[in-house]
Every structure is written in structure tokens, then in C-alpha cells.
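To start, the structure under review is shown below, and the notes come after it.
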Amino acid sequence: MTAPLLSVRGVETYYGNIRALSGVDVEVHRGEIVSLIGANGAGKSTLMMTICGSPQARTGSISFEGQEITRLPMHEIARLRIAQSPEGRRIFPRMTVLENLQMGASLDNLKHFKDDVEKVFALFPRLKERQAQRGGTLSGGEQQMLSIGRALMARPKLLLLDEPSLGLAPLIVKGIFEAIKKLNNQEGLTVFLVEQNAFGALKLSDRAYVLVNGKVTMSGTGKDLLANPEVRAAYLEGGRH
Ligand SMILES: Nc1ncnc2c1ncn2[C@@H]1O[C@H](COP(=O)(O)OP(=O)(O)OP(=O)(O)O)[C@@H](O)[C@H]1O
Ligand SMILES: [Mg+2]
């Protein structure tokens, strides 16, 4: 088996004295869609942010393409082409759609800028129609598309998505998940997805991890976890499926 693209080993992350992650092990291989599901406050966003370097893991190690990145500053991690669409989308509200996309492109990629923007527009035609509109006036679904589009402008080897479905109508969520699947199928993009929408995430994913109180309690293929009675009881019963 080839070495994982991303390897998280025994990671503990603290906010002051409060431990948010307690020895997390996660692996993501090239070409996979892997999701992390769990309840509010489980530590999902903390893991994603720890991978990106802020906050940093207090113990344990994180490696990317075999290189230790645990103590690297955020901008150096980003330079390795790990891109994220953070929780709450964090687009620039006063900038236009096109300007937001420019912010996602690294200087190295400026020569590809036009092609890369066209790719984002092909994936999310709505953004093309609205390219001159300010980010802050977009709908929630459009803002999510923009947040993903901006991350794609970095030409990521690993795309991290924190709750892309949050607060969106089912039809819009379906479109976002289809776009993620398409990127994975057509471009071979590797995706690590954090989701409370367990059903949607597990259906989309090759593999998944369940996080409870800062610890991974279960892992398996998306299909197996979807069928798992404990997962069903905790995350799927009464949910959308
Ligand atoms: N900046 C911070 N300072 C102190 N505690 C924090 C901070 N950010 C998160 N926490 C705490 O760490 C724990 C994990 O939070 P985190 O945001 O990672 O959870 P989550 O699984 O992403 O939850 P949600 O589904 O609500 O987004 C929570 O108890 C939270 O209160
Ligand atoms: Mg979160």
C-alpha cells in the first residue's frame, strides 16, 4: 500500500487548558473522499484547523506527502497545496466573486488564472453569472460555491471542506455534494470533508471517521458506516435519508 497523502497520528490539540482533540489518528490517501462526522463540539473543525496549522497540535504528528508539517506555520502548509473552505465560508463580503477567486490563487498560479477561473465557473455556473456581484450579497448556497471555488484556485492536492452543507436547502446541498464528487471523479482531487450531515457525507465518501468528544470512535467505508446500527442510531435516525 502506498503512503497516505495525509497522516494524522496521536494528535492532541488544546484551547488553553481545554483539550479539544485527544489522540486522533486519521489517514487520507490520494484520490479518496474521506469524511469526518460527529456532533456539535466533537472537535471536527478543530481537527481541520489543526491540519492547517492553527491551532497547532500540542502532541502527535501530522504529515503530508511524507513531510512532517505539525510545526509549520499556516502559510507554509498552504504552500504545500492544502486548501480549505472553512466553517462559515469566510468569503470576503465586499469583494466581488471574481476578486474572491483571485484571493484564492497563489502567485505561482497566476499564469493559469484564466483557465482556473473558467474551471470554477464550469463547476458552478451560478458564479459565472454573478462574477461582478459582491460576495456578501450572494445567497448562502452561492457563498458556499464561492468558498469552494476560492479553495480550488490554489490548485490543491488536498481539499479540506468544513460543513459545506450547513444551513443550505436540500437541493442546494445535493448540488454541492455532486460538485465534490465530480471533482473527485474527473480530476482525481483528494477531499477531506467535515460534516454534520452524516447521511450525505457517508454516501459521498470512500471512507469515514466518527469523532466523539475529540476521539475517533469508529471508522470504515462510507457504505459500512451507513449500515452500522450505532451510526444509524446516533447520526442518521430522524435525519434526511
Ligand atoms: N477558539 C476556541 N477557544 C476555546 N475553545 C474552543 C475554541 N474553538 C473551539 N473550542 C471548543 O473545542 C471543542 C471542539 O470545537 P469544534 O469547533 O472543533 O467542534 P465541531 O465538531 O466543529 O462542532 P460544530 O459541529 O458545532 O461545528 C468545543 O468544546 C469548543 O467549545
Ligand atoms: Mg465545526
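Both ligands and their constituent atoms are indexed starting at 1 by order of listing.
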Query raised in the report: When you check the side-chain N and O atoms of Ser45 and Glu87, is any donor under 3.5 Å from an acceptor?
Result: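 There is such a pair (donor and acceptor under 3.5 Å, judged by atom type) between the side chains of Ser45 and Glu87.
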
Query - Charged N-O contact under 4.0 Å between Glu178 and Lys174 - result: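 Between Lys174 and Glu178 there is a salt bridge, with a charged N closer than 4.0 Å to a carboxylate O.
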
Query - Note: Lys182-Glu187 ion pair, threshold 4.0 Å (strictly below) - result: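 Result for this pair is no, no salt bridge flagged.
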
**Report entry** Ala20 contact mode with ligand 1 (heavy-atom cut-off under 4.0 Å)
**Finding:**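 Answer for Ala20: side chain.
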
Return the closest protein heavy atom for [atom] as residue, atom name and distance.
{"atom": "atom 2 (C) of ligand 1", "value": "Tyr15 CD2, 3.4 Å"}
{"atom": "atom 25 (O) of ligand 1", "value": "Lys44 NZ, 2.7 Å"}
{"atom": "atom 27 (O) of ligand 1", "value": "Glu87 OE1, 2.7 Å"}
{"atom": "atom 19 (O) of ligand 1", "value": "Gly43 N, 3.3 Å"}

Query raised in the report: Does a side-chain heavy-atom distance below 4.5 Å link Arg207 with His29?
Result: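 Yes - at least one pair of side-chain heavy atoms lies under 4.5 Å apart.
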
Contact with ligand 1 for [X], non-hydrogen, under 4.0 angstrom:
{"X": "Gly16", "result": "no"}
{"X": "Gly38", "result": "no"}
{"X": "Glu163", "result": "yes"}

Report task. Out of Thr46, Ile18, Leu211, indicate the one that has the non-hydrogen atom closest to atom 15 (O) of ligand 1. Result ->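 That would be Thr46.
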
Query raised in the report: Taking atom 23 (O) of ligand 1 as the point of reference, which of Gly88, Ala42, Gly41 owns the nearest heavy atom?
Result: Gly41

Query raised in the report: Below 2.8 Å, any N, O or S contact between Asn40 and the Mg ion (ligand 2)?
Result: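 So Asn40 does not bind the Mg ion (ligand 2) by this criterion.
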
Query raised in the report: Only one of Ser35, Ser165, Ser205 forms a side chain to side chain donor-acceptor pair (under 3.5 Å) with Glu195, so which one is it?
Result: Ser165

